[in-house]
Amino acid sequence: MDQPTLLLLLLPVILIQLGLMIFTLVDLMRNPKPNGPKWMWGLVIVLVNIIGPILYLVIGRRNY
Amino acid sequence: MSLLDVKNLTKRYRRDLAVDHLSFSLQQHTATALIGPNGAGKTTALSMLAGLLKPTTGSITWDHTTGVGFLPQHPRFFPWLTALEFTEMAAKLSGVEAKKVRQQATRTLEFVGLAPALNKKTGTFSGGMKQRLGLAQAIVHQPELLLLDEPVSALDPAGRREIMNLLKSLQQDTTILYSTHILNDAEEMTDQLLFLQQGKLVEKGSLEEVKERYAEPRIRIHFQTAEDAGGFSRHMPWEAVQNGNRIDVAVTAKGPGMQEILTALTAAGDKVVGVERQTASLEDIFMKVAGGR
Amino acid sequence: MSQFSVLLQKEWRENVRNYKIFWIPVVFILFGIMEPVINYFLPQILDSVGGLPEGAVLEIPTPTPEQILVAVTGQYQFIGMLALILAYMGTVAGERKSGTATLLYVRPLSFSAYFLSKWLMASLIALLSLWLGLLAAYYYTLLLFDTVNFADFLRFAATYSVWVVLIVSIVLAASAALPNAGMAAAVSLGSVLLMQLVDGLIGAYWSVSPLKIPVYAASWLNGRIDLVDFWISIGLVAVVIALLLIAGIWASRLNASKAKV
């Protein structure tokens with residue numbers, strides 16, 4: 001399989017991950033009082049793939 | 001007719017008695033203030049009445065068709081619901097007819113002053129707004145009995161004034177039992193006073209009864225100097241407490257009447273600077289009861 | 001309006017506004033896609049990593065499409081379960097601990113409606129996530145490998161759904177019974193792993209067991225399944241789920257007085 005096809009195949013995966021990350025970052029920015037420092041959650045969301053955003057949503061968000 | 005009778009209500013946590021054989025009744029459409037220092041068992045007693053806690057022993061007798069509204073000291077809401085959504089859910093769960101829910105919830109929120117915040121998420125609410133919403137969810141189903149745990153202590157003076165007025169207006173067709181440690185509030189709206197200390201009911205009665213029983217009215221006489229005050233109190237046949245240049249004389253059934261004190265004062269002449277009549281405040285009684293045990 | 005529908009609406013709002021309805025499906029879809037994609041590129045990946053001596057030929061048997069789909073549920077057995085546990089560990093315990101439950105418990109609340117509304121909403125979202133994930137996996141497997149009989153796939157997904165509902169029931173019952181969300185998560189995760197371990201170690205000695213559901217799901221694709229054993233096992237799971245629900249309702253009522261006032 002050539003490279004463009006590979007990219008097309010992986011595109012949904014990348015889009016979903018990127019979407020989740022951006023969505024979560026926007027939520028973090030709007031969160032008035034997350035459970036822990038914002039910069040730390042920002043790093044976790046950006047650096048830890050998939051698990052980072054989910055950890056923020058479950059633990060860090062405090063469901064404001 | 002009494003709406004609710006409590007007999008020997010007791011809650012034991014291991015070896016501690018949080019509430020110790022508490023007995024009282026609530027008359028319909030009266031307001032009862034439950035006062036006492038922190039840790040006296042006010043919240044535990046109210047939680048048992050609200051059905052949140054099971055009493056260890058004792059009985060609570062009341063007509064079960066009576067609706068109850070409860071406002072905890074720190075009401076906590078689902079932060080992702082709006083004030084209107086929460087109040088509507090509370091109304092539905094309390095059995096308000098489906099077609100009346102919207103109107104009743106809206107009206108109640110307007111009544112407590114939350115009209116501008118109907119559709120705001122409760123997670124964004126300040127302490128005062130939460131207290132108002134707490135009151136709204138307690139009264140939205142128009143209960144016969146209202147149990148309020150420190151309903152105004154979290155509010156600023158203006159908010160406190162406003163909520164006390166709301167409560168007074170509710171009192172016309174509701175029976176209210178509320179706890180407070182702010183005695184000015186208790187003095188403002190009380191048909192019955194329950195004084196709780198270490199889980200025990202140490203005083204019960206109307207505000208006037210309790211005041212009469214506890215702190216006799218006193219006459220406070222101010223003199224020019226402390227010596228004058230001392231001389232006066234030494235030559236006086238009654239018990240008096242001297243404090244610097246003033247003395248307090250208790251006016252009791254056995255003690256002097258106003259007339260006799262005035263006569264004595266006239267004799268003292270220009271050494272007297274002023275005379276004032278002191279009535280005991282609830283605060284004095286509180287200190288007296290709390291300190292005496 | 002019945003209390004059940006009122007509470008179901010509340011659960012729906014909670015799941016939407018706390019984004020559970022978005023991120024749980026995302027986890028299942030991502031792992032559903034990744035399994036076929038990684039398998040497809042595995043030879044190339046190994047090739048580029050290198051490290052093999054000159055002249056050595058690495059023979060990796062190409063997995064069958066059925067094997068890929070079974071491997072996806074293998075991923076779900078840990079990651080998927082973990083996501084569900086994290087999402088729903090606080091369903092009852094969290095409300096009690098934060099004190100938000102107090103204003104529900106003070107009303108003439110039906111604890112059956114209270115617990116079952118939570119269970120139904122959590123189960124629906126878990127099933128939605130599972131099916132989206134498996135369909136994504138099916139589509140990618142179709143693209144990269146070969147077709148799988150769609151009827152077999154449906155049987156496979158339906159059987160695994162029963163397992164997912166069992167897990168949701170365990171998490172919710174644990175959340176109702178234990179004092180906080182952390183303990184509910186630990187107990188749920190422990191029992192999920194223990195169930196897999198027990199069946200892995202000594203599962204060969206029995207053919208009928210609630211623990212066998214993931215194995216049965218895979219069997220639809222492998223083509224070897226004893227229908228009698230299968231249906232007895234499904235019946236057993238249904239009984240276990242019913243018992244968990246009864247326990248959950250009972251524990252919610254019993255622990256109501258522990259809600260923070």
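- A salt bridge links B:Glu85 and C:Arg17; the closest N-O separation between the charged side-chain nitrogens and carboxylate oxygens is under 4.0 Å.
- C:Leu103 is listed as a side-chain neighbour of B:Phe86, based on a closest heavy-atom distance under 4.5 Å.
- C:Leu7 has its side chain within reach of B:Leu93: a pair of non-hydrogen atoms, C-beta onward, lies under 4.5 Å apart.
- Atom OG of residue C:Ser98 and atom CZ of residue B:Phe78 lie 7.0 Å apart, to the nearest 0.5 angstrom.
- C:Val6 is not listed as a side-chain neighbour of B:Glu88, based on a closest heavy-atom distance of 4.5 Å or more.
- Counting heavy-atom pairs closer than 4.5 Å to chain C, the top-ranked of the candidates B:Ser47, B:Ala50, B:Pro72, B:Ala90 is B:Ala90.
- The environment of B:Lys100 atom NZ is sparse: at most 12 non-hydrogen atoms of other residues, nucleotides or ligands sit within 6.0 angstrom.
- The closest side-chain donor-acceptor pair between C:Arg107 and B:Ser94 falls under 3.5 angstrom.
- Of the candidates C:Gln9, C:Lys10, C:Gln3, C:Gln9 is the only one forming a side-chain contact (heavy atoms from CB on, under 4.5 Å) with B:Lys92.
- Under the 4.5 Å side-chain criterion, counting only non-hydrogen atoms from C-beta, C:Asn18 is in contact with B:Trp80.
- Annotation: B:Glu110, atom CD; neighbour count of heavy atoms from other residues, nucleotides and ligands within 6.0 Å is above 12.
- Contacts between B:Leu71 and chain C at a heavy-atom distance below 4.5 Å are absent for every atom of the residue.
- Of the two parts of C:Thr102, the backbone and the side chain both hold a non-hydrogen atom closer than 4.5 Å to a non-hydrogen atom of chain B.
- Residue B:Gln73: no heavy atom, backbone or side chain, is found under 4.5 Å from chain C.
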